[in-house]
Amino acid sequence: MSTAPALDPTRTALLVMDCQPAILAALPDGGDREALLGRVEGAIADVRAHGGTIASVRVGFTEADWDAIPAANKSFAPLAQHRVLHHEDPATAVHERLAPRSGDIVVRKTRYGAMSTTDLDRQLRERGITTLVVCGISTSGAVLSTVLDAADRDYRLHVLSDGVADPDPDAHDALLRHVFPARAHVVDTAALRAALHGSTAVPGLRY
């Protein structure tokens, strides 16, 4: 069993990324989607109960955002062309089960990463946050981009292995096994709960 220092909730934020009906629709139907929401919902409750910060990140575009996307952007140009994911569309709201509360950080982004087109980094640092626990959709999109960026910004990082998902299971598994461990602790929601409770022996922790 691996060990890790307990998390200091006052310096920890849970990033809940792209858990929006329009994005969730890319995942397989059925129990897997609901199970993911349940695990993320539980992680939010655990972090809240210990006084940690919740940061909800969603993707959504204004007309000006669409117009500013160059044709060279392979991922986002089609969204602009077809005017997809308008920021006022109910399908781009944070899923109702994970809805932000007063005191949470809430940001709207226009690219994969949670920080590149938002003031999230500033808001986290103003609150003294040094540790990020990352969950959401998708493992190969928002999660990957945010982990790489946050690592370069010197945050201590955890990725929730059972709190992230991707339409491509092979990409999901490869990132969790071979990419994220070089930059983050890869933990499950049970390990997160143990760390928040102050245990130094954290089951489910991988480096």
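By convention here, the first residue in the shown sequence is residue 1.
With respect to Thr92, the side chain to side chain donor-acceptor pair (under 3.5 Å) criterion is satisfied by exactly one of Arg108, Arg58, His87, Gln20: Arg58. The side chain to side chain contact (heavy atoms under 4.5 Å, CB included) test with Leu160 is passed by exactly one of Val186, Leu15, Leu14: Leu14.
Note: His178 NE2 to Asp173 CG = 8.5 Å, rounded to the nearest 0.5 Å. The distance from atom CZ of Arg193 to atom CG of Asp46, rounded to the nearest 0.5 Å, is 4.5 Å. With values rounded to the nearest 0.5 angstrom, Leu36 atom CG is found 11.0 Å from Glu41 atom CD. Note that the CD atom of Glu34 and the CG atom of Leu27 stand 11.0 Å from one another [nearest 0.5 Å]. Here the OG1-CG distance, from Thr53 to Leu124, works out to 8.0 Å after rounding to the nearest 0.5 Å. The CG atom of Leu148 lies 5.0 Å from the CZ atom of Arg183; values are rounded to the nearest 0.5 Å.
At a threshold of 4.5 Å between non-hydrogen side-chain atoms, the residues His50 and Leu196 count as touching. The side-chain heavy atoms of Met17 and Val134, taken from C-beta on, include a pair separated by under 4.5 Å. Taking the side chain as every heavy atom from C-beta outward, Val164 and Val159 approach each other to under 4.5 Å. Counting only heavy atoms from C-beta outward, the side chains of Arg153 and Leu132 never approach each other to under 4.5 Å. Side-chain atoms of Leu85 and Val59, non-hydrogen and from C-beta on, do get closer than 4.5 Å to each other. A heavy-atom distance below 4.5 Å is found between the side chains of Ile105 and Leu120. Using a 4.5 Å heavy-atom cutoff, the side chains of His185 and Arg156 are in contact. Here the side chains of Asp119 and Val107 are in contact, with some heavy-atom distance below 4.5 Å.
Without hydrogens or angle criteria, Thr146 side chain to Ala114 main chain gives a donor-acceptor distance under 3.5 Å. Under the 3.5 Å distance criterion, the side-chain polar atoms of His82 are left unmatched by any main-chain donor or acceptor of Val84.
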Donor-acceptor contacts under 3.5 Å from residues 138-145 side chains, at least two apart:
residue : atom : partner : partner atom : Å
Ser138  : OG   : Gly141  : N            : 3.2
Ser138  : OG   : Asp166  : OD2          : 3.4
Thr139  : OG1  : Ala165  : N            : 3.4
Thr139  : OG1  : Ala165  : O            : 3.2
Thr139  : OG1  : His172  : ND1          : 2.8
Ser140  : OG   : Asp166  : OD2          : 2.5
Ser145  : OG   : Gly141  : O            : 3.3

For Val57 and Lys109, what are the C-alpha separation, side-chain angles and deciding distance, and is it a side-chain contact (heavy atoms from CB on, under 4.5 Å)? CA-CA 7 Å; Val57 182; Lys109 64 189 177 75; 3.4 Å; yes

Does the pair Asp104 and Arg101 meet the rule for a salt bridge (charged side-chain N to carboxylate O under 4.0 Å, His left out), with working shown? CA-CA 6 Å; Asp104 291 354; Arg101 296 182 184 176; over 6 Å; no

Taking it one step at a time, do Ile137 and Leu24 satisfy side-chain contact (heavy atoms from CB on, under 4.5 Å)? CA-CA 7 Å; Ile137 309 163; Leu24 283 159; 3.2 Å; yes

Run the salt bridge (charged side-chain N to carboxylate O under 4.0 Å, His left out) test on Arg39 and Asp188 for me, step by step, so that the C-alpha distance in whole Å, both residues' side-chain angles and the decisive distance to 0.1 Å come before the verdict. CA-CA 9 Å; Arg39 289 190 294 269; Asp188 60 18; over 6 Å; no

The test is side-chain hydrogen bond (donor to acceptor under 3.5 Å, both in side chains); show your working for Thr62 and Asp65 and say whether it passes. CA-CA 5 Å; Thr62 65; Asp65 293 329; 3.0 Å; yes

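When all heavy atoms of Asp149 and Ser116 are compared, the pair lying nearest together is OD2-N, 4.1 Å. The nearest pair of heavy atoms linking Leu98 to Val94 is O-CG1, 3.5 Å. What you find for Val147 and Phe180 is that their closest heavy atoms are CG1-CD2, 4.0 Å. Contact between Leu176 and Ser161 at its shortest, heavy atoms only, is CD1-O, 3.9 Å. Summarising the geometry of Ala150 relative to Met115, their closest heavy-atom pair is CB-CE, 4.1 Å, with the distance given to 0.1 Å. The two residues Ala6 and Ala195 come nearest to each other via the heavy atoms CB-O, 3.6 Å.
Around the CD atom of Glu126, the shell of radius 6.0 Å holds more than 12 heavy atoms that belong to other residues, nucleotides or ligands.
In this structure, Val106 is not a member of the same hydrophobic cluster as Ile54, with clusters built from ILVMFWY side-chain heavy atoms closer than 4.5 Å. Both Leu79 and Tyr112 are members of a single hydrophobic cluster when ILVMFWY side chains are connected at heavy-atom separations under 4.5 Å.
Taking the ring centre of Tyr155 as origin, the terminal cationic atom of Arg125 falls inside the region bounded by 6.0 Å and 45° from the ring axis.
Ring orientation note: the planes of Phe61 and Trp66 are close to parallel, at an angle under 30° on the 30°/60° scale.
Judged purely by distance below 3.5 Å, without hydrogens or angles, the side chains of Asp162 and Thr189 pair a donor atom with an acceptor atom.
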